[in-house]
Amino acid sequence: MTSSNIDETVRAELSRLRDSIDNIDAAVVHMLAERFKCTQQVGHLKAEHHLPPADPDREASQIARLRQLAENAKLDPAFAEKLLNFIIAEVIRHHETIASKPTANGS
């Protein structure tokens with residue numbers, strides 16, 4: 001069946017649902033951008049105080065928390081964990097980059 005053969009009510013419902021998906025995707029991107037702004041600040045604070053870029057205890061706690069949130073939201077916890085692990089790896093990479101740059105005070 002080609003898209004030209006789709007019933008008009010089905011086409012309208014698909015369009016409505018896809019518009020919702022597009023809006024949710026936009027919100028997710030904006031929320032991730034806001035999250036990374038915060039983690040950049042954490043990275044600078046860690047670098048200033050010579051703290052390691054990774055915090056395994058915090059990461060484990062966050063994974064457990066996110067898995068519980070996912071279960072409550074009827075989302076696959078394994079998927080949520082994979083997503084958070086991907087985000088955490090990117091955050092650590094940012095923190096390592098921040099830590100490797102000289103600071104304004106020369107340290």
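The residues of the chain are indexed from 1 along the displayed sequence. Atom set for the values below is all heavy atoms of this structure, side chains included, hydrogens, waters and symmetry mates excluded.
- Counting only residues at least two apart or in different chains, salt bridge (charged side-chain N to carboxylate O under 4.0 Å, His left out) contacts with residues 62-81 comprise Arg67-Glu81.
- Every pair tested for ring-ring contact (aromatic ring centres under 6.0 Å, His included) that includes a residue from residues 16-35 fails, sequence neighbours excluded, so the list is empty.
- Counting only residues at least two apart or on different chains, the salt bridge (charged side-chain N to carboxylate O under 4.0 Å, His left out) pairs with a member in residues 83-95 are Glu90-Arg93.
- Annotation: side-chain hydrogen bond (donor to acceptor under 3.5 Å, both in side chains) contacts of Arg18 (sequence neighbours excluded): none.
- Residues passing the side-chain hydrogen bond (donor to acceptor under 3.5 Å, both in side chains) test with Asp25: none are found, sequence neighbours excluded.
- Ile87 pairs by the side-chain contact (heavy atoms from CB on, under 4.5 Å) definition with Leu32, Arg35, Phe36, Leu83, Val91, not counting sequence neighbours.
- Remark: Gln68 engages Asn72 in a side-chain hydrogen bond (donor to acceptor under 3.5 Å, both in side chains) (not counting sequence neighbours).
- In this structure, Met31 shares a hydrophobic cluster with no other residue, the cluster being traced through Ile, Leu, Val, Met, Phe, Trp and Tyr side chains under 4.5 angstrom apart.
- The hydrophobic cluster around Leu69 extends to Ile63, Leu66, Leu84, Ile88, Ile92, counting ILVMFWY residues whose side-chain heavy atoms fall within less than 4.5 Å of a member.
- With sequence neighbours excluded, no residue forms a side-chain contact (heavy atoms from CB on, under 4.5 Å) with Ala33.
- Residues that satisfy the side-chain hydrogen bond (donor to acceptor under 3.5 Å, both in side chains) test with Glu13, not counting sequence neighbours, are Arg16.
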Pair Asp57-Ser61, side chain to side chain contact (heavy atoms under 4.5 Å, CB included): steps then yes or no: CA-CA 6 Å; Asp57 290 339; Ser61 170; over 6 Å; no

